[in-house]
Amino acid sequence: MAKGIFVIAEQRDGALRKVSFELASAARKLADQTSDEVSAILLGSGIESLAAELGKFGVDKVFVGDNAALEPYVTEAHAQVVAKILKDNDAAIALFGASVQGKDLSARVAAKLAGGLATDCTDVKIDGGKFVAVRPMYAGKVFADVTFNTTPAMASLRPNVFPAVENAKAAAVTKVDVAIDAQKSKILEVQKDTSGKVDLTEANIIVSGGRGMKGPDEYKILEELADVLKGTVGASRAAVDAGWRPQKDQVGQTGKVVSPNLYIACGISGAIQHLAGMSSSKCIVAINKDAEAPIFTKADFGVVDDLFKVVPELTAACKKMLA
Amino acid sequence: MNIIACVKQVPDTEAQIKVKADGSGIEDGQIKWVMNPYDEFGVEEALKLKEKNGGDVTIVSVGPARAMETIRTALAMGADKGIHISDPALDNADAFVTASALAAAIKGLPHDIIFCGQRAIDDDSGQVGAMLAELLGIPQLTLVTKLDFAGSSVKVIRPIEGAQLSIETSLPCVVTAQKGLNEPRYASLPGIMKAKKKPVDVKNAAALGIASDVKAKVAKVVPPPARAAGKIICGDDAAQKAAELARCLREEAKAI
Ligand SMILES: Cc1cc2nc3c(=O)[nH]c(=O)nc-3n(C[C@H](O)[C@H](O)[C@H](O)COP(=O)(O)OP(=O)(O)OC[C@H]3O[C@@H](n4cnc5c(N)ncnc54)[C@H](O)[C@@H]3O)c2cc1C
Ligand SMILES: Nc1ncnc2c1ncn2[C@@H]1O[C@H](COP(=O)(O)O)[C@@H](O)[C@H]1O
């Protein structure tokens, strides 16, 4: 019978990404209920030393694939190795990050294994001995329980939703050596964002601005608040389509889905397509001069006033408080 | 060039989605159906490639009878022909079954490049493009915002968290489109008239030789968890409200 909960760790430039620890912790929680073992799959080049870090978050065993062909990430090479490890070990459950890489990889692996995959899950549980993945559908208008008819049951977990919890384990390393097929895709260039800001999907705090910002220069007041809170600035589609902010800043149905601890919406009305991208945020603040704006129905805290007056005062108040 | 664009018919983004009383699915009577917005980017890119390099664009869709409207919309935008995979056995298809149906239909067609949306906004699953690529044994380029065609290969831009990748891949391949790739055109009136006469082939699961048993099953749907009512921050002026908000965020929400 299939057993073992596998997490597919994600690393970039020799450092594990935060979602890897979230996956490990979620897997540990499940494994403790079923007296199972947590294994991680860690692929790349010169990355073996990262195995111990996964151990800190509850991983018993790490399968390390160390091969120049696995660095940087290319879909087919990673999918080939991950699918082989899951199959060879008859894994019961496999958890991926619902990051850009994790989404790209998980679907390819699921097709290789002719298996079921639930993407962008906000909860995973064992119910009556069976693995159940919970995920929003229809842009968060409903939540579904997904069950699986094949093993491994596969799920990708939305970043920033599952807590990373320290729980030290041995993290015994098993090296895997897989002959990797020649690749049809080649990375020509990696252009790094040099702003020093974390990506919206990984940010703990997001300060977001919409059409109410009036123009691109006015975002300076949001940048200042974000700087004080160590957050990242986001935007509504209206602001992106107006050319005030780059596409990568867009939150919503045709932008990014985010789950920060704190989402501050400034001059955003709260259209259904915007809510689709941020309603799983833990704490939502709305600053809008229109008391009837739909964003207030989702907000934990609302301020009905001119954002150009409130935001600079909020920045000052937070600065004082955090000093 | 032989270009394929996969399109799915989905509820309009404004649609109210109601859960059936028994939690088995959603009520789909009142819904206005549209082309998945991400598929519009795929169709647009397919048409642009054709206009520049010649060839034809085939639309493929898996869905009930009403999905024909969405195929016609794509034909009205300028695509040449369609394949409609329609079978009650596929009504509850998961991503794997859908990808298998698409792969079975596309296998028999010449294909240089296949467009999918990065995700369908009904199931929000974002799997079918990559699965289709695997089932066809060809590379995938997901979440693409720019595409350059260079004879036997394509070069794309693919944003990831905190960086942008430039990737080159040989053809054939699957590309999944996201916002930023282009501005989808509207169907023109003559386009709509012409679309009525374009050929659409209707196929069922048996004709494609695919199994319809799902791997992942939506066992139950529920409305989203209710959020506790929010608090409107009061104060005489913006400064007072801002100070009170900061206090709430720190002391009550422990968010800063
Ligand atoms: C298929 C589809 C996909 C979409 N995808 C997305 C998406 O991914 N993300 C997204 O955001 N939208 C998306 N939209 C667009 C969405 O429907 C809305 O048009 C958009 O979210 C509106 O942006 P907004 O709230 O910034 O602007 P508006 O709706 O114009 O709201 C501006 C708000 O600012 C307030 N305001 C103005 N001045 C001030 C001031 N001085 N102080 C305080 N408040 C002020 C106003 O009261 C108003 O509530 C999509 C639409 C469609 C059809
Ligand atoms: N039933 C379908 N018919 C045609 N294409 C589909 C279908 N389902 C999904 N796709 C394609 O795959 C993309 C991703 O869908 P999904 O994996 O369901 O989120 C969509 O944007 C479509 O391009």
Contact class of [X] relative to chain B, heavy atoms under 4.5 angstrom:
X        : value
A/Ile187 : both
A/Ala114 : both
A/Leu229 : side chain
A/Val74  : neither
A/Gln250 : side chain
A/Leu117 : both
A/Val240 : side chain
A/Thr122 : neither
A/Val285 : side chain
A/Lys248 : neither
A/Glu189 : both
A/Thr297 : neither
A/Lys197 : neither
A/Thr150 : both

Query raised in the report: Closest heavy-atom contact between A/Lys192 and B/Ala163?
Result: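 Heavy atoms of A/Lys192 and B/Ala163 come nearest at CA-CB, 4.1 Å.
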
Query raised in the report: Any idea which heavy atoms bring A/Gly115 and B/Phe96 closest together, and the distance?
Result: O-CB, 4.2 Å

Leading residue by heavy atom contact count with chain A [cutoff under 4.5 Å; candidates [options]]:
options                                : value
B/Pro223, B/Ser125, B/Ala253, B/Gly180 : B/Ser125
B/Pro37, B/Cys248, B/Ala243            : B/Cys248
B/Pro224, B/Ser170, B/Ala255           : B/Pro224
B/Ala246, B/Ser166, B/Cys234, B/Ala238 : B/Ser166
B/Ala95, B/Ala133, B/Gly129            : B/Ala133
B/Leu135, B/Thr176, B/Ile138           : B/Ile138

Can you tell me how far the [atom1] atom of [X] sits from the [atom2] atom of [Y], to the nearest 0.5 Å?
X        : Y        : atom1 : atom2 : answer
B/Thr169 : A/Gln183 : OG1   : CD    : 10.0 Å
A/Asn204 : B/Ile256 : CG    : CD1   : 13.0 Å
B/Gln164 : A/Asp193 : CD    : CG    : 9.0 Å
B/Ile121 : A/Thr254 : CD1   : OG1   : 9.0 Å
A/Cys283 : B/Arg227 : SG    : CZ    : 7.5 Å
B/Asp94  : A/Asn149 : CG    : CG    : 8.5 Å

Let me know if [X] has heavy atoms under 4.5 Å from chain A in its side chain, its backbone, both or neither.
X        : result
B/Val128 : neither
B/Val19  : side chain
B/Glu252 : side chain
B/Pro159 : backbone
B/Ala219 : both
B/Ala239 : both
B/Glu14  : both

Do you know which of [options] has the most heavy-atom pairs under 4.5 Å to chain B?
options                                : answer
A/Val311, A/Val310, A/Val134, A/Val198 : A/Val310
A/Thr315, A/Leu105, A/Ile284           : A/Ile284
A/Val109, A/Val146, A/Leu314, A/Leu188 : A/Leu188
A/Lys186, A/Met154, A/Lys309           : A/Lys186
A/Lys230, A/Glu202, A/Lys112           : A/Lys112
A/Lys256, A/Gln101, A/Arg135           : A/Arg135

Report task. Give a yes-or-no answer on whether the side chains of A/Glu76 and B/Gln140 include a donor-acceptor pair shorter than 3.5 Å. Result ->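 No, no side-chain donor-acceptor contact under 3.5 Å.
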
If you draw a 6.0 Å radius around [atom1] in [X], do more than 12 non-hydrogen atoms from other residues or ligands fall strictly inside?
X        : atom1 : answer
B/Lys155 : NZ    : no
A/Lys18  : NZ    : yes
B/Asp237 : CG    : yes
B/Lys48  : NZ    : yes

Query raised in the report: If we only count heavy atoms from C-beta on, is the A/Leu113 to B/Lys215 side-chain gap below 4.5 Å?
Result: no

Query raised in the report: Is the shortest side-chain N to carboxylate O distance from A/Lys141 to B/Asp124 below 4.0 Å?
Result: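 Judged by the 4.0 Å cut-off on N to carboxylate O distance, A/Lys141 and B/Asp124 do not form a salt bridge.
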
Report task. Would you mind checking if B/Arg158 and A/Asp104 are paired as a salt bridge, meaning a charged N to carboxylate O distance below 4.0 Å? Result -> yes

Report task. Would you confirm whether B/Glu161, through its side chain, and A/Val100, through its main-chain N or O, come within 3.5 Å as a donor-acceptor pair? Result -> yes

Query - Polar side-chain atom of B/Lys241 near backbone of A/Val304 as donor-acceptor pair, under 3.5 Å - result: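 Side chain of B/Lys241 to backbone of A/Val304: a pair is present.
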
Query raised in the report: Looking only at heavy atoms, which of residues 316-323 of chain A get nearer than 4.5 Å to chain B?
Result: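 So the qualifying residues are A/Ala317, A/Cys318, A/Met321, A/Leu322.
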
Report task. Decide side-chain contact (heavy atoms from CB on, under 4.5 Å) for A/Thr119 and B/Arg119; before the verdict, give the C-alpha distance in whole Å, the side-chain angles of both, and the deciding distance to 0.1 Å. Result -> CA-CA 11 Å; A/Thr119 30; B/Arg119 128 180 134 227; over 6 Å; no

